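Below is one structure, written out as structure tokens; the observations come after it.
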Amino acid sequence: MDVQGQREDNKMTQEGLFKVPNPHISALKEDFLYHITIGNKTHDLKDMFHDVKFVCFGGSQSRMRKFAEYMVEALNHKLPAGQGLVDIAHESDRYVLYKVGPVLSVSHGMGIPSLSIIFHEVLKLLFHAECSDVTFFRLGTSGGLGLEPGSVVITEEALDGLLQPYLEVPVMGEIKRHPSKLSKELAEELVSIAPKGFQTLIGKTMCTDDFYEGQARLDGAFCDHTEGEKMEFLRRMHQQGIRNIEMESLCFAAYSYRAGIKSAVVCVTLLDRLKGDQISTPHDVMAVWEKRPQQLIATYIRNKLGIEK
Ligand code: R2B
Ligand code: URA
């Protein structure tokens with residue numbers, strides 16, 4: 001079943017508040033966001049999160065902590081004397097959640113199932129907190145196609161492993177199909193403020209459920225394809241405008257679109273898949289590359305908040 005039409009039904013109330021599309025949520029006695037150990041009756045979510053305007057997701061817990069620390073500096077955010085950043089989800093060890101002024105920094109783990117869980121819970125958190133005009137970003141890593149490693153790709157459209165532009169979710173024995181569209185306007189705005197010194201571009205992204213065979217690698221524990229077949233597939237992808245490969249953009253795009261939230265996927269490329277499969281770049285070089293999406297998003301947020309450097 002194609003649920004494309006649903007987008008018109010949900011999201012914003014007349015006051016511009018974000019509203020989750022699920023009508024059952026408001027009927028719950030308490031909505032406990034299990035994987036981040038936050039409840040809408042246990043906690044005063046409006047008091048804690050009402051001012052959130054930007055939610056930044058990324059795979060690794062430590063990277064999202066570093067991003068939160070970086071945002072403290074970037075936003076000239078004053079932490080109360082003697083206090084540091086605290087992981088709001090610290091009672092669960094599944095994800096981390098930091099708040100720096102209007103910015104949430106959240107880890108999503110690896111792959112669509114992990115991202116999907118935290119995405120549901122963050123949307124419900126924003127709903128309970130009565131947030132409005134929130135923008136989402138995924139700041140990630142990826143394998144590039146025909147790009148200098150360290151380049152940054154802003155996703156124009158996310159495609160699955162069959163190169164189809166939608167997320168398919170089996171629900172009660174039926175496949176639900178959700179288009180994986182992203183904001184063209186936001187992608188263009190981001191590319192227009194990208195720093196010089198490395199390439200930042202808009203391109204399509206293939207999102208797979210597997211890092212090895214699913215991404216046409218030859219170096220997994222299993223492999224039933226030849227080098228020639230791999231190269232033929234990667235070249236075909238490149239010809240279709242695909243510039244990178246990762247493992248979450250499809251769900252991130254589809255759920256943002258379904259929720260009516262403006263969003264962007266910004267991933268640095270760690271290698272050129274037309275040249276190989278193994279990622280063997282030294283750690284210090286990779287650390288510099290991994291900061292590039294963060295720097296771009298920090299610039300965007302600073303601009304929106306009118307913060308001068
Ligand atoms: C990029 O990197 C991870 C796999 O190494 C995965 O989460 C992704 O999308
Ligand atoms: N993440 C991926 O999913 N693939 C890569 O090749 C690199 C990072």
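Numbering of ligands and ligand atoms starts at 1, following listing order. Owing to the predicted nature of the structure, the values given are computational and were not obtained by experimental measurement. Throughout, residue positions are numbered sequentially from 1 according to the sequence presented.
- The ring-ring contact (aromatic ring centres under 6.0 Å, His included) analysis of residues 123-168, with sequence neighbours excluded, yields the pairs Phe57-Phe136, Phe119-Phe136, Phe137-Tyr300.
- Atoms NZ and CG, on Lys291 and Leu139 in that order, are 11.5 Å from each other to the nearest 0.5 Å.
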Between ligand 1 and the protein, find all N/O pairs closer than 3.5 Å and give the distance for each.
| unit_1 | atom_1 | unit_2 | atom_2 | d |
| --- | --- | --- | --- | --- |
| ligand 1 | 2 (O) | Thr141 | OG1 | 3.2 |
| ligand 1 | 7 (O) | Glu248 | OE2 | 2.7 |
| ligand 1 | 9 (O) | Arg138 | NH2 | 3.3 |
| ligand 1 | 9 (O) | Met247 | N | 2.8 |
| ligand 1 | 9 (O) | Glu248 | OE1 | 2.5 |
| ligand 1 | 9 (O) | Glu248 | OE2 | 3.4 |

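- For the ligand labelled ligand 2, residue Thr269 lies outside the 4.0 Å heavy-atom shell.
- Residue Arg273 has no N or O atom closer than 3.5 Å to an N or O atom of ligand 2.
- Counting heavy atoms from C-beta on, the side chains of Val169 and Ile175 never come closer than 4.5 Å.
- For the pair Ile36 and Ser92, the minimum side-chain heavy-atom distance is 4.5 Å or more.
- Contacts with ligand 2 closer than 4.0 Å are made by no heavy atom of Met110, backbone or side chain.
- Across Lys176, His178, Arg177, a single residue satisfies side chain to side chain donor-acceptor pair (under 3.5 Å) together with Glu168, and that is Arg177.
- The Phe211 neighbourhood of ligand 2 comprises atoms 1 (N), 2 (C), 3 (O), 4 (N), 5 (C), 7 (C), with distances under 4.0 Å to a heavy atom of that residue.
- Contact atoms of ligand 2 toward Ser142: 1 (N), 5 (C), 7 (C), 8 (C) (distance under 4.0 Å to a heavy atom of the residue).
- When non-hydrogen atoms are compared, ligand 2 lies under 4.0 Å from the backbone of Ile245 (N, CA, C, O) but not from its side chain.
- Shortest non-hydrogen contact noted between Gly161 and Phe233 is O-CZ, 4.4 Å.
- Rounding to the nearest 0.5 Å places CD of Glu157 at 13.0 Å from CD1 of Ile202.
- Of the protein's non-hydrogen atoms, the one nearest atom 3 (O) of ligand 2 is Gln215 NE2, 2.9 Å.
- The Leu271 neighbourhood of ligand 2 comprises atoms 6 (O), with distances under 4.0 Å to a heavy atom of that residue.
- Taking the side chain to side chain donor-acceptor pair (under 3.5 Å) definition, one finds that Gln199 meets it with nothing, sequence neighbours left out.
- Of the N and O atoms on the side chains of Lys53 and Ser132, at least one donor lies less than 3.5 Å from an acceptor on the other residue.
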Inset, instruction - Report the C-alpha distance between Lys262 and Glu189 in whole Å, list the side-chain angles of each, state the deciding distance to 0.1 Å, and finish with yes or no for salt bridge (charged side-chain N to carboxylate O under 4.0 Å, His left out). - result: CA-CA 12 Å; Lys262 187 154 77 160; Glu189 198 172 343; 5.2 Å; no

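- Distance from atom 6 (O) of ligand 2 to its nearest protein heavy atom, with residue and atom name: Arg217 NH2, 2.7 Å.
- The shortest N or O to N or O distance between Glu246 and ligand 2 is not under 3.5 Å.
- Among protein heavy atoms, atom 5 (C) of ligand 2 sits closest to Gly143 N, 3.3 Å.
- Using a 4.0 Å cut-off between charged nitrogen and carboxylate oxygen, Lys66 and Glu290 do not count as a salt-bridge pair.
- Look at Ile279 and you'll find a heavy atom under 4.0 Å from some atom of ligand 2.
- Residues meeting the salt bridge (Lys or Arg N to Asp or Glu O under 4.0 Å) test with Glu69, sequence neighbours left out: Arg65.
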